[in-house]
2 protein chains.
Amino acid sequence: MASASNDGTAPDPWHAQLGALGAFIRAQRQLADLSLREMAALTRISNAYLSQVERGLHQPSLTVLRAIADALGLTTDQLLAKAGWTRAVADDVPPGQQANTEASIRSDPRLTEAQREALLGVYRSFIEGRSGRSGG
Amino acid sequence: MASASNDGTAPDPWHAQLGALGAFIRAQRQLADLSLREMAALTRISNAYLSQVERGLHQPSLTVLRAIADALGLTTDQLLAKAGWTRAVADDVPPGQQANTEASIRSDPRLTEAQREALLGVYRSFIEGRSGRSGG
DNA sequence: GGGCATTGCTTGACATACTTATCAAACGTG
DNA sequence: CACGTTTGATAAGTATGTCAAGCAATGCCC
């Protein structure tokens, strides 16, 4: 049912990406010698849905993706990169001496871990942006 | 208009991450001097939904996340990191650095005025509402 | 030949992401 | 003050992700 074959509308590229992602997941699962149900038990995701994801019928949410990567012993980066979701950006920023503000944020007791991360992210993105960015 | 940052909702880690992600997106958008509707036009995502994402009310899908990253000139990875996707590689913080974060931000020569204001805004929004909440 | 467990897959119901239309407040103009 | 515009936020609806339950096929034991 509801297969996207007869849609008629513009074929969004996500179909292809989903196919690749699903195939990759399936390959990894079989490598690990897991059945759908076993993997379902590991990920707390229904075998039904896993099946659909592996066949590229659905776009899994971040939560699901993470659970899958976790169960397969992969990093989430590997999963997405394999599927072509992340644009690889060889853009490493070695933190040289810009430690003043960063250190303050890191040691600020008023921030929760999540907040700390977010704030550091904002700050770093500010600094990185000035160093020059490859236009695409 | 409630619109207060602190709703008193359940403190699931899920929520914290979403809040961080939303705050980050909002900061970036304002840095780029975009309104919600302008950004909506760029991302093809409704301003309404963008508003909800920025306030941490929803967990955006990969597609949406990517569109946002694209519009803001960020890499998908940067956004993904805030979305709780990457495991935080906690860096060590040199002791003795504990100081006034606000002051550090203010005196940071690497920040422009606009960035300074944005960062301070995020920081203040974080620590707002937790004042005087020490009992437990 | 008949059972029973295990495999991947489909179906129908629900939860959540996402959209279109609309709102109230803040801005400026005459 | 009336008017139009722009802002962020809300409501109700649509699309899509996700699950629990069940089906056809395969393999094993009798």
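Naming: A, B, ... by sequence-line order, numbering from 1 per chain.
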Next item on the list: Find the bend of the helix from C:dG1-D:dC30 to C:dG30-D:dC1 as the angle between its two terminal axes (five pairs each), to the nearest 10°.
Entry: 10°

Item checked: Euclidean distance, atom CD of residue A:Glu54 to atom P of C:dG8 [Å, nearest integer] -> 8 Å

Note to self: Nearest to the B:Leu36 side chain among D:dG17, D:dT18, D:dA9, which nucleotide is it?
What the structure shows: D:dA9

Margin query: Does any part of the side chain of A:Met39, heavy atoms only, come nearer than 4.5 Å to the side chain of A:Leu72, both counted from C-beta?
Written below: yes

Checklist line | Residue closer to the 5' end of DNA chain D, B:Tyr49 versus B:Glu38 (nearest nucleotide) | finding: B:Glu38

Notebook entry, point to check: In whole angstroms, how far is the P atom of C:dG8 from the CZ atom of A:Arg26?
Noted result: 7 Å

Check: With respect to the phosphate group of C:dG8, does any side-chain polar atom (N or O) of A:Ser51 fall under 4.0 Å of OP1 or OP2?
Finding: no

Next item on the list: Check DNA chain D against residues 27-34 of chain A and give the residues with a non-hydrogen atom under 4.0 Å, in numerical order.
Entry: none

Checklist line | Check: A:Ser51 side chain, A:Asn47 main-chain N or O, donor-acceptor pair, under 3.5 Å | finding: no

Next item on the list: Identify the two heavy atoms, one from B:Leu79 and one from B:Leu21, that lie closest to each other, and give their separation to 0.1 Å.
Entry: O-CD1, 3.7 Å

Check: Between the side chains of B:Thr63 and A:Gln59, does any donor sit under 3.5 Å from an acceptor?
Finding: yes

Margin query: Measuring from the side chain of B:Gln52 (C-beta onward, heavy atoms only), which nucleotide among C:dT19, C:dG8, C:dT10 has the closest atom?
Written below: C:dT19

Mind listing the N/O atom pairs, protein and nucleotides 21-29 of chain D, below 3.5 Å?
residue: D:dG22; atom: O6; partner: A:Arg37; partner atom: NH2; Å: 3.3

Margin query: Does D:dT16 have its OP1 or OP2 closer than 4.0 Å to a side-chain nitrogen or oxygen of B:Ser61?
Written below: no

Notebook entry, point to check: Can a side chain N or O of B:Ser35 be found less than 4.0 Å away from OP1 or OP2 on D:dT7?
Noted result: yes

Notebook entry, point to check: Contact class for B:Ser46 vs. all strands (heavy atom < 4.0 Å): base, sugar-phosphate, or nothing?
Noted result: base

Next item on the list: Respond yes when some side-chain nitrogen or oxygen of A:His58 is under 4.0 Å from OP1 or OP2 of D:dT16, and no when none is.
Entry: no

Next item on the list: Could you pull out all residues at least two apart from B:Gln52 that satisfy side chain to side chain donor-acceptor pair (under 3.5 Å)?
Entry: B:His58

Checklist line | Side-chain N or O of B:Arg55 closer than 4.0 Å to phosphate OP1/OP2 of D:dG8 | finding: no

Next item on the list: Can you run down the salt bridge (charged side-chain N to carboxylate O under 4.0 Å, His left out) pairs that involve residues 38-63 of chain A, sequence neighbours left out, and say none if there aren't any?
Entry: A:Arg26-A:Glu54, A:Arg29-A:Glu54

Checklist line | Nearest-Å distance for atom pair CG/P, residues B:Leu57 and D:dT10 | finding: 8 Å

